[in-house]
Amino acid sequence: PLEEFSEVTGVTFSALVEGLGKPSGIALDGDTLFVGDWKTGEIIAFDLDGTEIGRIQTPADGLMGIDLDSSGQLWYVDGEKGELVRVDPN
């Protein structure tokens, strides 16, 4: 819970990845970090060192959030279209 972090002091913050358009969601699957970008409509995959390992161009007009379900299925929300979208690999 968030309360666990309210009393933490001496914390350091550092950017793992810079230069994203308008990041708008994050999801972790094992050693892969997925970041949604509102500006481009892309979901970008990074390893835990911040190295880009792939991109998915979605048809989203306003990609707002991403998540993975318990089976590893990737989902996103398009705030402009009012849609919840499942990403199915071909």
**Request:** State, to 0.1 Å, how close Leu16 and Asp47 come at their nearest heavy-atom pair, and which atoms those are.
**Result:** CD2-O, 4.5 Å
**Asked** Can you name the nearest heavy-atom pair linking Met64 to Trp38, along with the distance?
**Response**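 The pair with the smallest heavy-atom distance is CG-CZ3, 3.4 Å.
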**Message:** Can you tell me if Lys22 has over 12 outside heavy atoms packed within less than 6.0 Å of its NZ?
**Reply:** no
**Prompt:** Quick check: are there more than 12 heavy atoms from other residues, nucleotides or ligands sitting under 6.0 Å from CG of Asp31?
**Reply:**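 12 or below, so no.
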**Asked** Do any N or O atoms from the side chain of Asp78 and from the backbone of Gly62 form a donor-acceptor pair under 3.5 angstrom?
**Response** yes
**Asked** Quick check: does any side chain N or O of Glu83 sit under 3.5 Å from a backbone N or O of Ala60, one acting as donor and the other as acceptor?
**Response** no
**Asked** With a 4.5 Å heavy-atom cut-off, do Leu20 and Ile44 have their side chains touching?
**Response**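 In short, these two side chains touch, coming nearer than 4.5 Å.
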**Complete:** Checking Asp67, Ile66, Leu84, Leu63 against Val77 for side chain to side chain contact (heavy atoms under 4.5 Å, CB included), the one that qualifies is Leu84
**Prompt:** When you look at Leu33 and Val17, which way does the side-chain contact (heavy atoms from CB on, under 4.5 Å) test go after all the steps?
**Reply:** CA-CA 11 Å; Leu33 187 62; Val17 175; over 6 Å; no
Separation between [atom1] of [X] and [atom2] of [Y], rounded to the nearest 0.5 Å:
X: Arg55; Y: Phe34; atom1: CZ; atom2: CZ; value: 13.5 Å
X: Leu68; Y: Asp29; atom1: CG; atom2: CG; value: 5.0 Å
X: Thr58; Y: Tyr76; atom1: OG1; atom2: OH; value: 4.0 Å

Are [Y] and [X] connected into the same hydrophobic cluster when the rule is that any two of I, L, V, M, F, W, Y join if their side-chain heavy atoms are below 4.5 Å apart?
X: Val87; Y: Val35; result: no
X: Trp75; Y: Ile43; result: no
X: Ile53; Y: Phe46; result: no

**Message:** Ignoring hydrogens and geometry beyond distance, is a side-chain donor-acceptor pair present between Asp49 and Thr51 at under 3.5 Å?
**Reply:**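 Per modelled atom types, Asp49 and Thr51 side chains form no pair under 3.5 Å.
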